[in-house]
Amino acid sequence: MNYKSIFIEKLNAHWKLQIPELQDGSDTKIKEVGKGTGISFDNYSSEYFYYDDSDSAFVFNTPVSAPKTVNTKYARSELREMMGDDKTVNWDWNGRHCLDVEEAVTKIPANGRVMVCQVHGIYPNGDNGPVPLKVIYEGNKKRLAITYKAHPQSYEDQKIYYFDEVEREPEIHNIYTDN
């Protein structure tokens, strides 16, 4: 089975990639690929994002010293699901939302922490909203820290779960909210 072509089709239809590389001619704008950018995932690769045939997996590479977006202090590579053509269309806090991930962290920065997954909300006007789910690999402690926020207006209901003794290729399946 050709997993790459299946993944590429889904990425082109619903996802945008941001990588820690500056757009041509810019000293502040991060490069974007995928939906709404004019650059498709077909045959796209860079040192920051590529398909590894031996693992049938996409690889994200984000050096600590790479360029950053204007609203963050950390370099990152990320996929953003694009729910429609309008940036204000996104998941809301109602219903059931599932995340099924299989990933491996092969290098960690000096602080020992890597944000491996984050679900980011958007307010109805398109501004960035609260982050209901974060998964952080704490390599120095060999554990995953999962922060879950059940309500957009309050941090009082925020919960943190720790999964200790994570060695290689941690697997977490079907983390979901059901309101």
Side-chain angles (χ1 to χ4, degrees), residues 3-4 7 11 15-22 27-34 41 44-81 90-91 93 96-122 128-178:
Y3 290 108
K4 182 178 181 181
F7 291 142
L11 288 172
W15 295 86
K16 178 173 72 173
L17 170 72
Q18 291 180 322
I19 57 174
E21 177 181 321
L22 295 174
D27 56 355
T28 58
K29 186 164 173 63
I30 296 296
K31 185 168 189 169
E32 296 180 337
V33 175
F41 284 96
Y44 178 80
S45 71
S46 77
E47 66 182 292
Y48 304 112
F49 178 83
Y50 59 91
Y51 187 79
D52 183 341
D53 285 317
S54 65
D55 287 334
S56 297
F58 284 99
V59 175
F60 291 86
N61 176 29
T62 310
V64 173
S65 61
K68 302 160 187 60
T69 57
V70 294
N71 295 325
T72 187
K73 50 187 171 176
Y74 301 106
R76 63 180 178 221
S77 295
E78 69 181 28
L79 281 171
R80 288 187 175 217
E81 185 175 18
N90 203 318
W91 295 1
W93 287 84
R96 180 177 174 149
H97 307 290
C98 296
L99 174 66
D100 191 2
V101 175
E102 184 175 331
E103 55 191 5
V105 175
T106 59
K107 294 180 184 176
I108 58 172
N111 73 1
R113 298 180 64 179
V114 177
M115 175 82 66
V116 294
C117 180
Q118 169 175 291
V119 175
H120 217 305
I122 293 182
N128 285 332
V131 178
L133 179 71
K134 288 182 185 180
V135 180
I136 299 170
Y137 176 63
E138 297 178 339
N140 294 344
K141 296 178 181 178
K142 294 186 179 172
R143 72 179 183 184
L144 286 176
I146 299 175
T147 303
Y148 166 71
K149 186 171 169 18
H151 190 274
Q153 303 304 324
S154 169
Y155 282 98
E156 293 172 9
D157 62 353
Q158 180 171 293
K159 297 178 173 89
I160 300 177
Y161 301 95
Y162 294 101
F163 294 86
D164 293 323
E165 300 302 320
V166 175
E167 291 291 331
R168 294 198 62 206
E169 298 186 29
E171 290 187 33
I172 298 175
H173 295 282
N174 296 324
I175 295 174
Y176 62 89
T177 63
D178 198 1

Return the minimal non-hydrogen interatomic distance between [X] and [Y], and the atom names on each side.
X	Y	result
I19	S46	CD1-OG, 3.7 Å
A66	A75	O-CB, 3.6 Å
R143	D164	CD-OD1, 3.3 Å
E138	Y162	OE1-CE2, 4.2 Å
F7	S56	CE1-O, 3.9 Å
E103	C117	OE2-CB, 4.4 Å

Checking the side chain of N61 only, and the main-chain atoms of E47 only, is there a donor and an acceptor separated by less than 3.5 Å?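 Judged by distance alone, yes, a pair lies under 3.5 Å.
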
Can you tell me how far the OG atom of S77 sits from the CD atom of E21, to the nearest 0.5 Å?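 Those atoms lie 10.0 Å apart.
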
So how far is it from E78 CD to K16 NZ, rounded to the nearest 0.5 Å?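 Between E78 CD and K16 NZ, I get 8.5 Å after rounding to 0.5 Å.
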
Would you find more than 12 non-hydrogen atoms of other residues, nucleotides or ligands less than 6.0 Å from R113 atom CZ?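 No, the 6.0 Å shell around CZ holds no more than 12 heavy atoms from other groups.
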
Count the heavy atoms of every other residue, nucleotide or ligand shown that sit under 6.0 Å from OH of Y44, and state whether that count exceeds 12.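 Enclosed: over 12 neighbouring heavy atoms sit under 6.0 Å from OH of Y44.
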
Kindly assign one of parallel, tilted or perpendicular to the pair F58 and F49, based on the angle between their ring planes and the thresholds 30° and 60°.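 F58 and F49: parallel rings.
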
Would L11 and L79 satisfy side chain to side chain contact (heavy atoms under 4.5 Å, CB included), going step by step from the backbone distance to the final call? CA-CA 9 Å; L11 288 172; L79 281 171; 4.0 Å; yes

Going by side-chain hydrogen bond (donor to acceptor under 3.5 Å, both in side chains), name the residues that satisfy it together with Q18, two or more places apart in sequence or in a different chain.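 By the side-chain hydrogen bond (donor to acceptor under 3.5 Å, both in side chains) rule, Q18 matches E32.
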
Start with the C-alpha gap between L133 and T147, add the side-chain angles, then the distance that decides, and say whether side chain to side chain contact (heavy atoms under 4.5 Å, CB included) holds. CA-CA 6 Å; L133 179 71; T147 303; over 6 Å; no

Given N140 and I108, is the side chain to side chain contact (heavy atoms under 4.5 Å, CB included) satisfied, shown in steps? CA-CA 9 Å; N140 294 344; I108 58 172; 3.7 Å; yes

Would F60 and L17 count as a side chain to side chain contact (heavy atoms under 4.5 Å, CB included) here? Give the steps. CA-CA 10 Å; F60 291 86; L17 170 72; 3.7 Å; yes

Suppose we screen for salt bridge (charged side-chain N to carboxylate O under 4.0 Å, His left out). Which residues come up paired with K134, at least two apart in sequence or across chains?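 Not a single residue meets the salt bridge (charged side-chain N to carboxylate O under 4.0 Å, His left out) criterion with K134.
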
I30 vs L22 side-chain heavy atoms within contact, under 4.5 Å: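 Of all side-chain heavy-atom pairs linking L22 with I30, at least one is under 4.5 Å.
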
